[in-house]
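Shown next, in C-alpha cells, is the structure this report addresses.
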Amino acid sequence: MSEITPLVEQYWICREQNRELYNKVKRDIPRFQKFAREQLGWKLLNHEQFLKLEKIPAHAESFMGIQEFQEIRDYVILCIVLMFLEDKEEQEQFLLSELIDYVGMQLRKWMEVDWNSFSQRKSLVRVLQYGENLGMLRVYEGNSQLLSQEMGQEVLYENTGLSRHVLGDGGGCGCSVSEKSEAVDRKKYEGTVWRTPGYS
C-alpha cells in the first residue's frame, strides 16, 4: 500500500509543483482509494490541480498544526489571507501592499496592529511563505522574506485558486471561507493518533 504514502505524508500534491508525482499517484488511485475510504475513513479529493486526502482528526492533539507557525496570530493571519483570496479570481494578480492593507484592516478587529513590530512582520512573512510553498500564491516578482527586514517591500502575486480548497469541503456545505470561520459542521471520523498526521 506504498502508493498512498505521498498523500499521507504531504498536505496535498499539486500538479504544477510536481507533475511527475501527481501523475503517478493519480494512476495509482484505484489501488488504494477503497482502503483510504473504508479502512481509514479519509476522503480522497481528485482535482485537476491537486490530489489530497482529507485527514481530519476526530480530536485535536498538541502535536497537530502547521509546523512553520509559531504564534496563534499566524493562524489568524492565514484565515484573513484566505478571505482575501476568496474575492480574487483564479490567475488574478495583486500586490503585496494590497494584501497587507486588507490583513491590517481585518486584524485590527482583534488586536493592535503595528507592522513596525518585527514579531508581527515575521508572522505575516511566515503565512506568506506557507501560502507560496503550498501553492496558493504564485510569486511573479519580489521576495516576501525581505518584508521581515522592513516594510515597503513589494511583491507581485498571482492567485492560483488553490486557497479555496485549504479548508476542505466543509462537509459538502458549499460554504465560503468567512462562513466556515464562524461555523463548520464536519463529519466526525473514528480513529486514533496514528490516523491523524500533522496539518502541514
Side-chain angles (χ1 to χ4, degrees), residues 10-23 25-26 45-52 54 66-71 73-111 113-170 174-182 184 199-200:
Q10 301 182 44
Y11 181 76
W12 57 22
I13 300 173
C14 292
R15 184 182 63 179
E16 181 176 308
Q17 293 180 328
N18 195 334
R19 187 177 296 270
E20 182 178 353
L21 180 60
Y22 173 92
N23 290 333
V25 174
K26 192 176 183 70
L45 300 183
N46 186 353
H47 194 275
E48 63 179 8
Q49 289 182 291
F50 67 90
L51 301 172
K52 178 185 178 185
E54 289 276 66
I66 299 174
Q67 295 181 355
E68 296 87 344
F69 286 7
Q70 301 176 14
E71 308 280 349
R73 179 177 57 225
D74 298 357
Y75 292 92
V76 176
I77 293 177
L78 173 61
C79 289
I80 295 174
V81 170
L82 292 175
M83 291 170 61
F84 174 86
L85 294 174
E86 187 177 38
D87 293 330
K88 298 293 181 184
E89 297 292 333
E90 186 174 334
Q91 298 184 332
E92 180 177 349
Q93 295 185 348
F94 60 90
L95 292 172
L96 173 60
S97 55
E98 181 184 352
L99 175 58
I100 291 176
D101 288 344
Y102 182 87
V103 171
M105 179 179 64
Q106 298 296 328
L107 200 58
R108 286 186 179 90
K109 298 176 182 178
W110 310 101
M111 59 172 287
V113 178
D114 180 10
W115 294 127
N116 291 318
S117 165
F118 178 76
S119 63
Q120 291 194 16
R121 292 201 311 274
K122 285 295 292 183
S123 283
L124 180 59
V125 169
R126 284 193 291 269
V127 173
L128 293 173
Q129 291 289 296
Y130 178 74
E132 293 170 18
N133 293 335
L134 206 60
M136 296 189 303
L137 299 170
R138 182 181 296 118
V139 178
Y140 265 86
E141 185 177 346
N143 185 345
S144 60
Q145 287 185 319
L146 298 177
L147 192 65
S148 61
Q149 301 175 13
E150 62 176 346
M151 290 296 291
Q153 303 294 329
E154 197 61 277
V155 179
L156 178 62
Y157 282 116
E158 179 182 293
N159 176 33
T160 65
L162 290 177
S163 63
R164 296 183 176 90
H165 305 282
V166 169
L167 296 185
D169 67 357
C175 301
S176 65
V177 173
S178 55
E179 289 170 332
K180 288 177 182 177
S181 67
E182 296 177 0
V184 176
Y199 186 81
S200 60

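All residue numbers in this chain count up from 1 along the given sequence. Computed over heavy atoms, backbone and side chain alike; hydrogens, waters and symmetry mates excluded.
At least one side-chain heavy atom of F94 sits less than 4.5 Å from a side-chain heavy atom of L85. Residues Q153 and N143 fail the side-chain proximity criterion, which asks for heavy atoms closer than 4.5 Å. Looking at heavy atoms from C-beta onward, Q129 lies out of side-chain contact with E68 at the 4.5 angstrom threshold. With a 4.5 Å cut-off on side-chain heavy atoms, R73 and M111 count as touching. Side chains of L45 and L51 form no contact here, defined as non-hydrogen atoms less than 4.5 Å apart. Taking the side chain as every heavy atom from C-beta outward, Q106 and Y102 approach each other to under 4.5 Å.
Atoms CG and CD, on L147 and Q145 in that order, are 10.5 Å from each other to the nearest 0.5 Å. E90 CD to S163 OG: the interatomic distance, rounded to the nearest 0.5 Å, is 9.5 Å. Taking NE2 from H47 and NZ from K52, the interatomic distance works out to 11.5 Å, rounded to the nearest 0.5 Å. Atom CG of residue D114 and atom CG of residue L107 lie 11.5 Å apart, to the nearest 0.5 angstrom. If you take OG on S97 and CG on L156, they are separated by 10.0 Å, rounding to the nearest 0.5 Å. Taking CH2 of W115 as the reference point, atom CG of D101 lies at 10.0 Å (rounded to 0.5 Å).
Residue L134 comes nearest to L162 through the heavy atom pair O-CD1, 4.3 Å, listed as atom of the first residue, atom of the second, then distance. A pairwise comparison of heavy atoms in I77 and S123 identifies CD1-CB, 3.9 Å as the closest pair.
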Report the C-alpha distance between K122 and F118 in whole Å, list the side-chain angles of each, state the deciding distance to 0.1 Å, and finish with yes or no for side-chain contact (heavy atoms from CB on, under 4.5 Å).
-> CA-CA 6 Å; K122 285 295 292 183; F118 178 76; 3.5 Å; yes

For L99 and L128, what are the C-alpha separation, side-chain angles and deciding distance, and is it a side-chain contact (heavy atoms from CB on, under 4.5 Å)?
-> CA-CA 10 Å; L99 175 58; L128 293 173; 3.6 Å; yes

Stepwise side-chain hydrogen bond (donor to acceptor under 3.5 Å, both in side chains) check, E16 with Y22 | CA-CA 9 Å; E16 181 176 308; Y22 173 92; over 6 Å; no

Could you walk me through whether V155 and V139 pass side-chain contact (heavy atoms from CB on, under 4.5 Å), step by step?
-> CA-CA 7 Å; V155 179; V139 178; 3.9 Å; yes

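The backbone N or O of Q49 lies less than 3.5 Å from no partner atom in the side chain of R15, so there is not a single donor-acceptor pair. A distance-only check finds a donor-acceptor pair linking the side chain of Q17 to the backbone of N133 [under 3.5 Å]. Judged by distance alone, with hydrogens and angles left aside, the side-chain atoms of Y11 form a donor-acceptor pair with the main-chain N or O of V166 at under 3.5 Å. No donor-acceptor pair under 3.5 Å is formed between the side chain of Y75 and the backbone N or O of F69. With hydrogens and angles disregarded, a donor-acceptor distance shorter than 3.5 Å links the side chain of T160 to the backbone of M136. Judged by distance alone, the side chain of Q91 and the main-chain N or O of E158 form no donor-acceptor pair under 3.5 Å.
Qualifying salt bridge (charged side-chain N to carboxylate O under 4.0 Å, His left out) partners for R126, counting only residues two or more places apart in sequence or in other chains: D74. Residues meeting the salt bridge (charged side-chain N to carboxylate O under 4.0 Å, His left out) test with E71, sequence neighbours left out: none.
Aromatic ring pairs are classed by plane angle as parallel below 30°, tilted from 30° to 60° and perpendicular above 60°; the pair F50 and W12 is tilted.
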